[in-house]
Amino acid sequence: MTDHTWTAPFIAAAQELRSAPFLRKEFSIGAEHGALVSARLRVTAIGIVDAWLAGAPVSEDLLTPGWTSYEWRIRSVEYDVTDRLQRTAGGRVVLGLHLGAGWALGRLTWSGAEGFYGSTRAGSAELELTFADGTVTTIQTDESWTATPTGTTSDDLYDGQDIDARIGTDWAEPGPVDGEVTVRTVALDPSLVEPSQAPAVRPLAEITPVAVWASPSGATLVDFGINIVGWVRVAVRGTAGDRIRLRHAEVLEREELGTRPLRSAEATDEYTLSGADDVFEPRFTFHGFRYVEVAGWPGSDDELRDALTAVQIGSELRRTGHFRSSHDLLNTFHDNVVRGMQGNFVSVPTDCPQRDERLGWTGDIAAFAPTASYLFDTRSFLADWLRDVWLEQQHQDGVVPFVVPDVLKFLPPLEGIGPQNSTAIWSDAAIWVPWALHQAYGDTSVLTEQFDSMATHLRRVESLLSPEGLWDTVFQFADWLDPDAPPEDPAAAKADTGVVATACAYRSATIVAEIAALLGREADAAEFDALATRLRSAFRTHYVSAGRIRSDCTTVYALAIAFGVLDDADTERAGARLAELVAASDYRISTGFAGTPFITDALTQTGHVEDAYRLLLQTECPSWLYPVTMGATTVWERWDSMLPDGTINPGEMTSFNHYALGAVADWLHRTVGGIAPLAPGYAQVLIAPQPGGGITWAETSLQSPHGRIAVRWDLEADELSIRAEVPEGVTATIRAPGGSEHQVGSGEHLIRSSLVTPVP
């Protein structure tokens, strides 16, 4: 999309229509300027908008213009509609904007509140027409437009959409429309509107039911086989005025729809039949679901199965990374990571897609960004979100809030937490996410654009340090959702919060010092290098004693090792202690959000790779693979979101589609698969698979900025063969177990290595 200065007014229906309004302008294209050469349509909205032209939607885009920090920026999108208008052959056509509530006006958070960003659905559009003689004319929203009611009688992202098919789509065609009213302009600073750089939300896949049956209570249940994000398209014919009701949920409990994790979200779509052949598709909402409860269906179960199609949606991202191995459960887990990411990358990187939340929690993406940027091309998606991180900071005294865009600032402080302040991992997303993007793609532009955000966060953290130089003075989520924490208190982790936060501050300071040096900001590099030195000294002085780290649990050792806080001797001792603790837990996971992304790396780095494999491949609860054994098709929020007896975790907060604990997939790609960057963007690559856990083969590939990198290794008896594919212009170091290294260039390479250590 090109740069464009927005001039079109925002308009809204001049009176309440009791439905999602359709703003319309009827026009025709004359021949006085010759043939139509091009037509560009730009649209945006307060709420969400489906643009229509000549009787049909302009594109497959959904939830346009997406969720941003609306106080300071609103995206606009642009479409080439030349072909659409050329086909009208000079007849009259309708340009229209169908407006939904979306994030700006609908419910957000568990508070039940709505309208955080406004109270009126409004749209703005510019249709720029260029003719053969060079004449350019523009049709834009103004008070000459009209508004009409539609069949969407209610819509909300959390609660669902109601559609009355008896109210047709005559509003999209030329001519008078019942209920048509005038419009009014809505005051909004046009400088807030900017061309979107983010990928659109679109349909990703269509899924048919795998089963239809009656529950013990008599409810009709439909299983789509996998947990997805989107909605159900319904094709039906029945009696005019009859209603069909669909309620969505991720799991079953006691053979009924498991709705408790939805909290207050209704997740229900209702359709009123016209009496003719109806196709219902709710484009102004989305649900996280595998199961649907259907009420009011007029036909048989077989007809129902044929009539329903689940539409999976998400931001349209190019798939770049893949992984497979000889371990079936591990492959399923990796599939679950991918599916969970797709479901939670819907305009913003969210925590979960099903309940009354769906917020851009910064801690989740801080943990998951390296995995996300291997699996998909996330450059524009996350760079766009980071712009809102910085905007929120600038208006909150440098604090990176818990969620971005930040709607929590409109609510009373969270119970037990107090007003938002800088917090380790969550606020560190301002640094860890752009760093992950730089490592994945080798582009320094995101570092340049976000440097002030990173520096501001670090300076804010420095102002919060105790006299001893520790970040132990404010609330911390720290090792959130430690599996040993009680269900009702997910913050009650084993790991000392100051230890976690100070280690994270050290990591952030070292990263920003390196970024500053890379960008030629010498004074900043010196400042943050000095801060890192002070943090490291304080950590070792106050938290490390006789080789033990305060609170003596897996997370504190994992962070200290992975972040390089310790000296060599203490690192070795910490690695040994970490391996002891992992073995003492019988290789069940004992980390939460803080420790989970780093524990397998910490074990590997200190020579305990087999312990890392045993932890990874554990199937008893809690573990990464336990949910897979329970039939999970996405990654869960809690290690035990579903208990072994099939009941849902009793905590007030649980979700069956959270990507944060899937961050271990980054280790799968680098250590099991064997692909890691030696230079940002994989200009130089390390190919170093470390087999273990009884896995006999694995393969991974990455469509890097320089081309496809692929590795396949096979283990037969004691012989390891590594096949590597390196793209043009990239150099690779192939490191076989045992330490032998081979420097290679582009092309295909085969390395064979014995895993047997000779006896002297």
Side-chain angles (χ1 to χ4, degrees), residues 1-11 22-66 68 73-100 102 122-146 171-174 183 185-186 188-203 283 315-316 347 380 384:
M1 177 174 288
T2 58
D3 290 337
H4 177 73
T5 300
W6 200 264
T7 60
F10 281 74
I11 60 172
F22 186 77
L23 310 178
R24 66 194 302 270
K25 176 72 172 182
E26 189 173 330
F27 67 97
S28 60
I29 300 173
E32 62 269 25
H33 300 296
L36 178 68
V37 175
S38 74
R40 310 292 299 183
L41 174 63
R42 305 180 186 96
V43 300
T44 189
I46 302 171
I48 53 179
V49 58
D50 265 355
W52 286 59
L53 183 64
V58 167
S59 80
E60 289 190 321
D61 290 3
L62 303 166
L63 308 175
T64 303
T68 54
R73 72 183 188 108
I74 301 171
R75 300 189 197 111
S76 64
V77 296
E78 181 176 305
Y79 304 108
D80 184 342
V81 293
T82 309
D83 289 346
R84 179 81 61 91
L85 286 180
Q86 286 174 338
R87 290 197 301 271
T88 65
R92 295 191 68 77
V93 295
V94 171
L95 168 62
L97 306 177
H98 194 195
L99 301 178
S124 184
E126 299 173 344
L127 176 60
E128 185 179 279
L129 307 173
T130 303
F131 296 92
D133 68 356
T135 299
V136 177
T137 63
T138 301
I139 298 170
Q140 64 179 30
T141 43
D142 58 26
E143 291 182 336
S144 70
W145 287 48
T146 59
W171 35 261
E173 302 295 340
V183 301
T185 58
V186 175
L188 188 78
D189 182 356
S191 68
L192 296 179
V193 180
E194 62 178 38
S196 177
Q197 305 299 323
V201 178
R202 287 189 174 156
R283 292 167 60 94
S315 289
E316 191 173 50
S347 187
S380 59
D384 183 82

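Worth saying up front: this structure is predicted, and the values here are computed from it rather than measured. Only heavy atoms go into these numbers, but all of them, side chains included; no hydrogens, no water, no symmetry mates.
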Just to verify, what does Ala8 make a side-chain contact (heavy atoms from CB on, under 4.5 Å) with, not counting sequence neighbours? Trp6, Ser124, Glu126, Gln140, Thr141
When you measure from the side chain of Thr68 to the backbone N and O of Arg73, does any donor-acceptor pair fall under 3.5 Å? yes
Can you list every salt bridge (Lys or Arg N to Asp or Glu O under 4.0 Å) pair that touches residues 30-39, not counting sequence neighbours? none
Search all heavy atoms of Ser347 against all heavy atoms of Arg75 and return the closest pair with its distance. OG-NH1, 3.6 Å
Arg202 and Glu60 ion-paired at < 4.0 Å: no
Would the distance check show the side chain of Arg24 and the main-chain N or O of His98 forming a donor-acceptor pair, the cut-off being under 3.5 Å? no
Is a side-chain N or O of Arg42 found less than 3.5 angstrom from the main chain of Pro195, in a donor-acceptor match? no
Smallest separation among heavy atoms of Thr185 and Pro9, with atom names: CG2-CB, 4.3 Å
Taking all atoms of both residues into account, what is the closest heavy-atom pair of Val193 and Ser76, and its distance? CG1-CB, 3.7 Å
Could you pull out the closest heavy-atom pair between Ile48 and Pro65, with the gap in Å? CA-CD, 4.4 Å
Can you tell me how the ring of Trp171 sits relative to the ring of Phe22, calling it parallel under 30°, perpendicular over 60° and tilted otherwise? tilted
I need the minimum non-hydrogen distance between Thr82 and Leu36, along with the two atoms involved. O-CD2, 4.4 Å
